[in-house]
Amino acid sequence: MKGDVIRAEGLTKVFNRSVVAVDHVSFSVRDGEIFGFLGPNGAGKTTTINMLTTVLRPTEGNAWVMDFDVVKQAKEVRKVIGVVPQEYTADEDLTGYENVMLCADLYGIPRDVAKKRALELLELVDLIDFKDKRVETYSGGMRRRLELACGLINRPKVLFLDEPTLGLDVHTRAAIWSYIKRLKEEYDMTIFMTTHYLEEADALCDRIAIIDHGKIIAMGSPDELKNSLGGDIITIAIKERADVTEIIKGCENVKEVRYENGAYRIKAKDGEVTAPLIIEALRRRGYTVVKLSLTKPTLNEVFLEYTGRALRDSEESRESFIAHRITLMRARR
């Protein structure tokens with residue numbers, strides 16, 4: 001049984017004595033797993049990473065990485081981690097190879113060792129043919145892959161990825177997913193990543209913590225989170241202005257009924273069988289169904305269940321919006 005390489009207990013960050021960015025979160029990350037923080041922009045994901053990587057000092061609580069205290073043993077923590085930030089940090093006036101070597105120098109890695117590692121990493125992320133090109137000529141996907149190579153130069157035990165595919169097209173995003181999977185499978189690396197892409201968390205993460213407004217609201221494997229809904233989701237709207245909650249509840253396999261945004265959100269077992277039963281029950285009582293949808297449990301449905309809104313509809317702060325716009329513009333060059 002593998003142990004925990006990251007632990008957080010009541011981790012909290014308050015800015016300006018009033019803005020609670022991270023609110024007493026507690027979690028652990030197991031050795032060799034990909035652990036994801038899933039939530040909207042401004043939920044506290046980046047702030048959590050910044051505390052775990054010693055960039056920010058927690059206001060309250062404690063955290064350890066590889067059994068090193070992130071506050072009391074910050075230097076030791078930095079030696080065993082790699083970080084790929086959300087923003088692009090590579091020097092555009094340098095080549096890809098020069099950027100990786102610069103990172104090696106910052107870690108104090110001997111030059112002969114660094115040269116070998118740099119070439120290996122550029123090969124890993126398919127940039128070896130562009131190693132002598134200046135970064136200003138790189139596409140967004142190439143820049144993101146270069147950031148990944150830089151984050152791996154010190155052979156970290158734990159890799160932190162903050163929104164690793166932000167602003168990338170679908171094809172490039174899939175390529176980055178492939179590199180992340182290789183790191184886990186070939187290097188048995190522990191990866192802590194943040195994302196607001198539902199499909200990314202579902203495809204990559206062994207376990208996910210859903211975070212909203214600085215609080216962890218649910219945690220588990222993707223399947224565990226989806227199964228926690230207890231059934232399929234049926235959405236029905238009727239033409240008439242009437243409350244038909246009790247009629248729907250009386251149908252076989254219906255577990256829960258909620259009325260929201262002009263429609264009934266129904267949690268039911270075997271949705272394909274139950275939906276026709278609901279329609280027939282309503283029809284017999286003279287009601288007309290004008291909208292019907294059936295969805296299998298998804299992470300967006302999980303987010304909706306716990307927060308009352310879809311993840312894709314969540315708003316972001318102005319500061320997050322500006323930061324994301326900058327990253328997106330640079331990714332599209």
Side-chain angles (χ1 to χ4, degrees), residues 41 45-46 49-50 52-56 77-156 158-183 187 189 191-197 200 319-320 322-333:
N41 300 319
K45 303 189 301 294
T46 298
I49 274 191
N50 286 341
L52 294 174
T53 58
T54 76
V55 175
L56 287 176
V77 170
R78 293 170 191 152
K79 289 180 180 179
V80 298
I81 64 172
V83 183
V84 179
Q86 189 177 125
E87 299 79 15
Y88 292 109
T89 60
D91 190 324
E92 296 186 341
D93 293 326
L94 300 180
T95 66
Y97 176 77
E98 289 169 339
N99 267 283
V100 180
M101 289 299 293
L102 174 60
C103 291
D105 288 341
L106 294 175
Y107 276 107
I109 300 172
R111 296 290 289 186
D112 57 335
V113 175
K115 289 178 181 178
K116 182 179 179 181
R117 285 189 192 176
L119 294 176
E120 290 175 351
L121 290 170
L122 289 168
E123 182 76 44
L124 171 70
V125 297
D126 293 329
L127 287 178
I128 195 68
D129 292 337
F130 305 93
K131 68 182 182 66
D132 296 321
K133 300 288 185 181
R134 291 171 62 173
V135 173
E136 66 177 1
T137 67
Y138 282 19
S139 66
M142 293 169 68
R143 289 172 187 241
R144 182 57 69 192
R145 282 145 50 197
L146 177 62
E147 298 284 350
L148 187 58
C150 290
L152 294 169
I153 191 62
N154 64 321
R155 298 265 175 94
V158 184
L159 180 64
F160 290 90
L161 304 175
D162 193 8
E163 297 279 3
T165 63
L166 177 66
L168 302 181
D169 59 65
V170 175
H171 176 76
T172 307
R173 186 179 300 167
I176 296 296
W177 290 2
S178 177
Y179 298 129
I180 294 173
K181 289 177 180 178
R182 283 183 62 187
L183 292 176
Y187 297 91
M189 188 175 292
I191 298 173
F192 182 106
M193 64 176 286
T194 71
T195 183
H196 65 273
Y197 295 126
E200 183 162 272
E319 292 78 9
S320 295
I322 293 172
H324 278 69
R325 288 292 295 173
I326 292 172
T327 302
L328 286 168
M329 286 188 292
R330 296 187 69 181
R332 291 168 179 164
R333 287 182 180 177

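This is a predicted model, so every value here is computed, not measured.
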Check your understanding: In chain order, what residues pass the side chain to side chain contact (heavy atoms under 4.5 Å, CB included) check against Thr172, with sequence neighbours excluded?
Key -> Leu168, Asp169
Exercise for review: Determine the minimum heavy-atom distance between Asn154 and Gly82, stating which atoms define it.
Suggested key: OD1-CA, 4.3 Å
Review point. So how far is it from Ile176 CD1 to Glu147 CD, rounded to the nearest 0.5 Å?
Key: 10.5 Å
Point to revise | Minimum heavy-atom distance Met189-Pro156, with the two atoms named | key: CE-O, 3.7 Å
Point to revise | Residues that Phe160 engages under ring-ring contact (aromatic ring centres under 6.0 Å, His included), provided they are two or more places apart | key: Phe192
**Study point:** Derivation of the side chain to side chain contact (heavy atoms under 4.5 Å, CB included) call for Arg78 and Tyr107
**Key:** CA-CA 9 Å; Arg78 293 170 191 152; Tyr107 276 107; 5.8 Å; no
Practice item. Step by step, work out the side chain to side chain contact (heavy atoms under 4.5 Å, CB included) result for Val100 and Arg117. Key: CA-CA 9 Å; Val100 180; Arg117 285 189 192 176; over 6 Å; no
Which pairs would a plain distance check flag for residues 120-134, meaning a side-chain donor or acceptor within less than 3.5 Å of a matching protein atom at least two apart in sequence or in another chain?
from: Glu120; atom 1: OE1; to: Arg155; atom 2: NH2; distance (Å): 3.4
from: Asp126; atom 1: OD2; to: Tyr179; atom 2: OH; distance (Å): 2.7
from: Arg134; atom 1: NH2; to: Asp93; atom 2: OD1; distance (Å): 3.2

Practice item. Say whether, by atom type as modelled, one donor and one acceptor occur between the side chain of Asn99 and the main chain of Asp91 under 3.5 angstrom. Key: yes
Point to revise | salt bridge (charged side-chain N to carboxylate O under 4.0 Å, His left out) involving Arg173 - partner list, sequence neighbours excluded | key: Glu199
**Study point:** Rounded distance (nearest 0.5 Å) linking atom OH of Tyr138 with atom CG of Leu146
**Key:** 6.0 Å
Practice item. Find the distance between CE (Met101) and CD (Glu98) and round it off to the nearest 0.5 Å. Key: 10.0 Å
Review point. CZ/Arg111 to CG/Asp105 distance, rounded to the nearest 0.5 angstrom?
Key: 4.5 Å
Exercise for review: Check each of Glu87, Glu92, Glu136 against Arg143 using the salt bridge (charged side-chain N to carboxylate O under 4.0 Å, His left out) test, and report the only one that passes.
Suggested key: Glu92
Exercise for review: Kindly write out the residues that satisfy side chain to side chain contact (heavy atoms under 4.5 Å, CB included) with Asp162, not counting sequence neighbours, or none if the list is empty.
Suggested key: Thr46, Ile49, Gln86, Thr194
Review point. Is any side-chain heavy atom of Val135 less than 4.5 Å from a side-chain heavy atom of Met142?
Key: no
Practice item. Kindly give the heavy-atom pair with the smallest separation between Ala118 and Ile153, and that separation in Å. Key: N-CD1, 4.0 Å
Revision key, fill the gap. Here the gap from Ile180 atom CD1 to Ile191 atom CD1, rounded to the nearest 0.5 Å, amounts to 6.5 Å
Review point. Which residues satisfy the side chain to side chain donor-acceptor pair (under 3.5 Å) test with Thr53, sequence neighbours excluded?
Key: none
Exercise for review: Drop me the distance from Arg182's CZ to Tyr187's OH, to the nearest 0.5 angstrom.
Suggested key: 6.5 Å
Review point. Cation over ring, Arg144 on Tyr88, under 6.0 Å and within 45°?
Key: yes
Review point. Do the side chains of Leu183 and Leu152 get nearer than 4.5 Å, heavy atoms only?
Key: yes
